[in-house]
Amino acid sequence: MELESHQFVSFFEPEQAAELCKRAIVETFPDRKVLFDEGDNPDFLYLVLEGQVEFRKYISPNEYRSLAKAVPNGYFGELGILDGQPRSAQAVVCEGATLAKIPRHDLMDVLQHTKGSVVIRLFSYTIQRLRESTEQYVKQQVYQDKMVLLGEMLNTVIHDFKSPLSGINLASGMIKELHPDEETVEWCDLIKAQAQRMSAMAEELLEFAQGNTVLNKQPINLAIALQRFEKLNRVYLQEARVQLVIQATDVMVNADENKLMRVWQNLVSNAVEAFDGCGGSIEITAWANGKDAKIQIHDNGPGIPEAIREHLFEAFVTYGKRGGTGLGTAIAKSIIDAHGGEISFECNGSRGTTFYIRLPMLKRFPTS
Ligand SMILES: Nc1ncnc2c1ncn2[C@@H]1O[C@H](COP(=O)(O)OP(=O)(O)O)[C@@H](O)[C@H]1O
Ligand SMILES: [Mg+2]
């Protein structure tokens, strides 16, 4: 955009606006260029003409929190210019940016000759932006604190789970040995598999709380993985009087099967919980579409409550449930994101909810 039409310039009367443009230095910066660091003395006010600038606050030398971004027509660095205090965050260019820099003494000079109403307009914008960034910082801080608490809690839970889970594993192994008939063996294997999933679930929650989704990717045939998923959930779904229909072609993806199972489990459990004991049906469909594998999970339940639709995938967003953590869909999204895919959903009035998942496909098997 042109400097003359930037919102900061338009705060001023034509004469001062022209003066500001004359004194501004327009410069293009490369990606990741640090414009200033936290603690630096303020020298310029920056107007963004093209590109973006990110503001970061360092928590440790290797870890920072992103506070906000300035986009074209935005400006930054005005607080330091006005109060002379050191910069409170680092400013870094994202993917290249063209900025107009107005030197501190030039801006102060123009402000000296500016009408009071212009200064008031400038202040009200500045205060509004200050409010917005404070609000965002507080929100991030609360989120971070919750995650730390969750991580600490899960560490204890995982530790305490270990001995009862190994008890269950041992007992199911003993029963299998004592009664080696086909049916008992199958049930015992199911007990063992479910116990293992419980510890995997707790581990995954911990991983999520710590913010790292480590993937163990392998070629997976979605049709086979979904069959396995159905088997693991057969008893659970029967008890809830929920019918699960799976329609899948042989689509190959390069994925972490346990993590994909987690995604399906979280979405299917949500649907079952939404049926609230009244029964219902869930349909999982998987097919190949160009370079993508598509998975659709549809239920004929009441639909996602309107109040949370916009924020469904955010952590801790839960609604109408006792004991809901609000992490199920957030975990699902973090796993799909880590695979380079996408997840979205649609509610069709009383016709239930459909989740759409896209994953990069490995290759398509010839279907027989
Ligand atoms: N299939 C669905 N049908 C109706 N409501 C749903 C469905 N899936 C999710 N929800 C709603 O979204 C909320 C968030 O789900 P989730 O992130 O898994 O957290 P939690 O299940 O712990 O509440 C649920 O509390 C529920 O109100
Ligand atoms: Mg859930």
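Order of listing sets the numbers, starting from 1, for every ligand and every atom in it.
Remark: the backbone N or O of Ala223 is paired with a side-chain donor or acceptor of Asn221 at under 3.5 angstrom. At least one donor-acceptor pair closer than 3.5 Å links the side chain of Thr126 to the backbone N or O of Leu122. At least one donor-acceptor pair under 3.5 Å links the side chain of Asn233 to the backbone N or O of Phe229.
Near Ala274, with a cut-off below 4.0 Å to any heavy atom, the atoms of ligand 1 are 3 (N), 4 (C). Near Thr318, meaning under 4.0 Å from one of its heavy atoms, ligand 1 places the atoms 20 (P), 23 (O), 25 (O). For ligand 1 and Asp299, the ligand atoms under 4.0 Å from any heavy atom of the residue are 1 (N), 2 (C). Below 4.0 Å from some heavy atom of Gly303 lie the following atoms of ligand 1, by number and element: 4 (C), 5 (N). Residue contact check: Thr329 has heavy atoms under 4.0 Å from atoms 16 (P), 17 (O), 18 (O) of ligand 1. Interface atoms of ligand 1 facing Leu312, defined by a heavy-atom separation under 4.0 Å, are 12 (O), 14 (C).
Not a single heavy atom of Gly301 lies less than 4.0 angstrom from ligand 1. Residue Gly326 places a heavy atom less than 4.0 Å from ligand 1.
At a heavy-atom cutoff of 4.0 Å, ligand 1 is contacted by the backbone of Leu327 but not by its side chain. If you look at Thr353 next to ligand 1, the close heavy atoms, those under 4.0 Å, all belong to the side chain. Proximity of Asn266 to ligand 1, defined as any heavy-atom pair under 4.0 Å, is not found for any part of the residue.
Legend: protein N/O/S atoms lying under 2.8 Å from the Mg ion (ligand 2), waters omitted, number 1.
Under the 4.0 Å criterion applied to side-chain N and carboxylate O atoms, Arg262 and Asp256 are not assigned as salt-bridge partners.
For atom 25 (O) of ligand 1, the choice among Phe313, Tyr319, Phe316 with the nearest heavy atom turns out to be Tyr319.
Annotation: ring pair (Phe, Tyr, Trp, His ring centres under 6.0 Å) contacts of Phe44 (sequence neighbours excluded): none. In terms of the ring pair (Phe, Tyr, Trp, His ring centres under 6.0 Å) criterion, residue partners of Phe36 (sequence neighbours excluded) are, by chain and number, Tyr46.
Under the 3.5 Å distance criterion, with hydrogens and angles disregarded, no donor-acceptor pair is assigned to the side chains of Ser334 and Asp337.
For the pair Lys146 and Phe316, the distance from NZ or CZ to the six-membered ring centre is under 6.0 Å and the angle to the ring normal is within 45 degrees.
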ask   = Under the salt bridge (Lys or Arg N to Asp or Glu O under 4.0 Å) criterion, do Glu342 and Arg358 qualify, and how do the steps go?
value = CA-CA 5 Å; Glu342 272 174 70; Arg358 181 189 66 76; 3.0 Å; yes
request  = Take Glu230 and Arg228 through the salt bridge (Lys or Arg N to Asp or Glu O under 4.0 Å) test and state the conclusion after the steps.
outcome  = CA-CA 5 Å; Glu230 190 273 333; Arg228 234 193 313 270; over 6 Å; no
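The aromatic rings of Phe355 and Phe345 sit tilted, their planes meeting at an angle between 30° and 60°.
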Using residues 9-17 as the side-chain source, report each donor-acceptor pair under 3.5 Å to any protein atom, sequence neighbours left out, with the distance given to one decimal.
unit_1 : atom_1 : unit_2 : atom_2 : d
Ser10  : OG     : Gln7   : O      : 2.7
Gln16  : NE2    : His113 : O      : 2.9

